[in-house]
Amino acid sequence: MDSKKKFSFTFITVVIGFMIAIQFQTVKEPAVRDTRDTWQLRADILKEKELQLKLLREISSNEEKIAQYETKRKQSKEQVLRETLEELKREAGLSEVTGPGIIISIEPVHEELLLGKQADSVSPDLLKRLVNELNMYDAQHISIGGRRIINTTVIRDINRETMIDGFALNHLPIEVKVITENAQSAEKLFNRMQVSNSAEEFFIDNLRVKVEKSAEPITIPAYDEALRIRYMEPVKPDEGGKS
């Protein structure tokens with residue numbers, strides 16, 4: 001029993017000593033203190049201020065860039081609107097256009113090949129069929145006798161005279177200019193018109209159709225008459241929603 005008591009006493013003593021040693025070590029270690037001198041602190045503060053000034057400059061620079069981007073964005077919107085307007089005018093035939101294409105000449109048949117009286121004009125029906133055929137073959141812009149053909153163009157007979165939007169085609173030959181999207185489309189159109197039935201229809205009326213490829217870009221004038229718009233009127237401010 002004595003040996004067991006001695007062992008227990010020794011163990012408790014060791015544990016208590018170990019705990020006292022740990023507590024003493026914890027108390028002994030001092031808290032970390034800022035030992036920098038005044039000049040070093042001033043230098044650090046100066047660095048912080050320089051960093052802050054640099055950040056402020058970057059913020060100001062970025063704000064200026066944002067303002068410039070906003071200005072450019074507004075200007076680009078205006079430019080897009082202008083380009084859209086020009087494109088719409090071009091598609092409507094209200095602006096002069098230049099591009100690749102073909103030239104078709106309508107002229108009287110020589111006397112030795114005549115099947116009757118020599119022709120001195122072209123019927124509106126033949127011109128309408130020709131325009132429809134050209135549009136079917138992807139013609140983008142057409143002029144007949146120097147007059148621009150648009151969606152509202154009227155080709156008709158008035159007092160036995162063929163008129164295009166009120167202008168008479170009273171002489172032969174008549175030149176038909178056609179502009180296509182690109183040179184490849186112009187080549188396709190030329191080949192199609194070479195085998196077109198239009199030539200036969202014109203020949204019945206004692207007219208010859210000649211199709212030529214143009215080596216130079218073709219220019220077609222703008223439509224210079226007032227557009228006739230039917231079945232459409234501007235919406236009043238109190239109709240169709242708020243404005």
Side-chain angles (χ1 to χ4, degrees), residues 85-110 117-230:
L85 178 60
E86 289 300 320
E87 181 64 24
L88 291 175
K89 289 175 64 177
R90 176 184 171 89
E91 291 179 358
L94 301 180
S95 60
E96 182 181 273
V97 289
T98 300
I102 64 172
I103 297 177
I104 301 174
S105 298
I106 303 172
E107 57 189 28
V109 174
H110 296 302
K117 183 181 177 181
Q118 186 173 13
D120 56 4
S121 65
V122 182
S123 72
D125 289 337
L126 284 177
L127 290 179
K128 290 177 184 177
R129 291 176 189 174
L130 177 61
V131 170
N132 290 336
E133 187 172 14
L134 291 171
N135 287 327
M136 184 175 63
Y137 293 150
D138 299 328
Q140 290 194 332
H141 310 283
I142 303 172
S143 70
I144 299 178
R147 305 300 307 175
R148 181 71 173 268
I149 306 299
I150 63 173
N151 291 334
T152 60
T153 292
V154 177
I155 303 175
R156 59 184 175 178
D157 183 291
I158 299 178
N159 296 327
R160 297 182 179 181
E161 198 169 30
T162 300
M163 312 283 284
I164 296 181
D165 289 330
F167 291 88
L169 292 177
N170 51 16
H171 64 278
L172 294 174
I174 296 173
E175 188 175 68
V176 180
K177 293 183 177 180
V178 186
I179 290 179
T180 59
E181 182 178 2
N182 49 48
Q184 189 176 20
S185 298
E187 182 69 25
K188 289 181 179 179
L189 179 60
F190 173 78
N191 294 332
R192 285 171 173 170
M193 294 307 298
Q194 289 285 357
V195 295
S196 169
N197 292 330
S198 295
E200 296 179 3
E201 295 174 352
F202 277 90
F203 190 78
I204 293 174
D205 280 6
N206 296 322
L207 295 167
R208 183 195 303 274
V209 174
K210 293 174 61 178
V211 184
E212 300 177 358
K213 288 187 288 187
S214 177
E216 300 295 330
I218 297 173
T219 298
I220 292 179
Y223 185 80
D224 56 3
E225 296 295 310
L227 291 177
R228 295 183 296 274
I229 301 176
R230 302 172 62 189

Heavy-atom pair of closest approach, residues [X] and [Y]:
X: Val154; Y: Arg156; value: CG1-CD, 3.7 Å
X: Arg208; Y: Val109; value: N-CG2, 3.9 Å
X: Thr219; Y: Thr98; value: OG1-OG1, 3.1 Å
X: Gly101; Y: Ile218; value: C-CD1, 3.4 Å
X: Ala139; Y: Val178; value: CB-CG1, 3.4 Å
X: Pro100; Y: Ala183; value: CG-N, 3.7 Å

Verdict with supporting geometry, Val131 and Ile144, side-chain contact (heavy atoms from CB on, under 4.5 Å): CA-CA 9 Å; Val131 170; Ile144 299 178; 3.8 Å; yes

Residue Asn151 excluded, over 12 heavy atoms near CG under 6.0 Å: no

Within 6.0 angstrom of Lys188 NZ, more than 12 heavy atoms from elsewhere: no

Derivation of the side-chain contact (heavy atoms from CB on, under 4.5 Å) call for Glu133 and Arg192: CA-CA 10 Å; Glu133 187 172 14; Arg192 285 171 173 170; over 6 Å; no

Working to the nearest 0.5 Å, report the span between [atom1] of [X] and [atom2] of [Y].
X: Ile102; Y: Ile179; atom1: CD1; atom2: CD1; value: 11.5 Å
X: Ile104; Y: Lys177; atom1: CD1; atom2: NZ; value: 13.0 Å
X: Leu172; Y: Ser105; atom1: CG; atom2: OG; value: 11.0 Å
X: Leu127; Y: Thr162; atom1: CG; atom2: OG1; value: 6.5 Å
X: Ile164; Y: Thr153; atom1: CD1; atom2: OG1; value: 7.5 Å
X: Ser123; Y: Phe202; atom1: OG; atom2: CZ; value: 7.0 Å

Contact list for residues 178-187, test side chain to side chain donor-acceptor pair (under 3.5 Å), sequence neighbours left out: Asn182-Ser185, Glu187-Lys213

Contact check, side chains of Val122 and Leu130, non-hydrogen atoms, under 4.5 Å: no

Min side-chain heavy-atom separation Val176-Val209 under 4.5 Å: no

Pair Arg147-Asp224, side-chain contact (heavy atoms from CB on, under 4.5 Å): steps then yes or no: CA-CA 9 Å; Arg147 305 300 307 175; Asp224 56 3; 2.9 Å; yes

Under 3.5 Å: donor-acceptor pair, side chain of Arg148, backbone of Pro221: yes

side-chain contact (heavy atoms from CB on, under 4.5 Å) evaluation trace for Ile149 with Ile220: CA-CA 10 Å; Ile149 306 299; Ile220 292 179; over 6 Å; no

